[in-house]
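Only one structure is covered here, and it is reproduced in the block below.
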Amino acid sequence: MKNLVLALSLFLSVTAYAGINQSCGQFTAAGAATYAAKPGDQEICHKNYAVIHSCAVKAPIAVFEHLTPASMTGPAIRKNDFRPDPQVTPACSAALADYATVGSTHDRGHMSPAGNNKINAEIMSESFFLSNMIAQVANNNRGIWKQLETQERQWATAPGTDFYIISGGIYDAGHARTGNGLGIPTRLYKIIIEKNSKKVMAYLMPNGPLPVADLPKYQTTVAAVEAATGFKFQLPK
């Protein structure tokens, strides 16, 4: 009976959401993505980003942002208030203890980074929900991935541009887990869309220690990211 109740609660948590397209489509350039949802998956809207959260790995598999000058240059100060997302079904949520388990080798890696959420204190704080984090190899998070985030912010300052970002972890067969079930992604991806020009850049890289100078080697196609993730991303036409 207990397992039945849990299964029903997970099913209801999926159907309770209208979907990102209906509830917070402002974070997408042309709609979110189509994918084969699994039990417990949730589509969650926050004030400055939206998440497709996987119960199976207790982490985001896609995070959608609309990157604007205001979001990058506001007055909010980072306070590192990492915590579970109250919108995530508790049985599907990561815990702070998961990251203590993986120790110094893995960071709580933002998918929508703090630097993209400076509009005000509330928005900055929401960027520290664990639903926005993956277990990211520390060298990757603080090196090559940080460089990519810095570049996207630089691109988004150009006059007349309108940038949308999609980021997430990929959990290939045999990926590691913590004792609580938090998945350790094997790969990471990011899709950067400039809506006005319809220019799209995609990156796909291992979740490992990589030289920052190698960033261009991991630029790829949206089709390659779709093949790796199972998503069909909606792009401007």
Just do the side chain to side chain contact (heavy atoms under 4.5 Å, CB included) check on Thr73 and Thr157 with the steps written out, would you?
CA-CA 10 Å; Thr73 59; Thr157 61; over 6 Å; no
Distance from Arg108 atom CZ to Gln136 atom CD, nearest 0.5 Å?
13.0 Å
Does the Gln234 side chain pair with the main chain of Lys232, one donor and one acceptor, at a distance under 3.5 Å?
yes
Run the side chain to side chain contact (heavy atoms under 4.5 Å, CB included) test on Glu126 and Asn48 for me, step by step, so that the C-alpha distance in whole Å, both residues' side-chain angles and the decisive distance to 0.1 Å come before the verdict.
CA-CA 8 Å; Glu126 284 192 348; Asn48 202 45; 6.0 Å; no
For residues Phe27 and His66, establish whether the separation of their ring centroids is below 6.0 Å.
no
Residues passing the side chain to side chain donor-acceptor pair (under 3.5 Å) test with Glu152, sequence neighbours excluded, are Asn116, Lys190
Could you tell me which non-hydrogen atom of Arg83 sits nearest to which non-hydrogen atom of Asp81, and how far apart they are?
NH1-O, 2.8 Å
Determine whether a donor-acceptor pair (N or O, by modelled atom type, separation under 3.5 Å) exists between the side chain of Thr186 and the backbone of Ile170.
yes
Roughly how far, to the nearest 0.5 Å, is the OH atom of Tyr203 from the CD1 atom of Ile191?
12.0 Å
Flag for Glu65-Ser112: side-chain donor and acceptor within less than 3.5 Å
yes
Step by step, would you call Gln151 with Ile192 a side chain to side chain contact (heavy atoms under 4.5 Å, CB included)?
CA-CA 11 Å; Gln151 287 186 2; Ile192 302 169; over 6 Å; no
Side chain Thr101, main chain Ala97, donor-acceptor under 3.5 Å:
yes
Please round to the nearest 0.5 Å and tell me the distance separating atom CD of Gln87 and atom CD of Gln42.
8.0 Å
Residue pairs passing the ring pair (Phe, Tyr, Trp, His ring centres under 6.0 Å) test where at least one lies in residues 114-133, sequence neighbours excluded
His46-Phe129, Phe82-Phe128, His110-Phe128
Indicate the atoms forming the closest heavy-atom contact of Pro60 with Val51, along with that distance.
CB-CG1, 3.8 Å
Looking at OG of Ser131 and CE of Met111, how far apart are the two atoms once the value is rounded to the nearest 0.5 Å?
12.0 Å
When you measure from the side chain of Lys58 to the backbone of Asn180, do you find a donor-acceptor pair of N or O atoms at a distance under 3.5 Å?
yes
Between Arg78 and Ser127, is there a side-chain donor-acceptor contact under 3.5 Å, judged purely by atom types and distance?
no
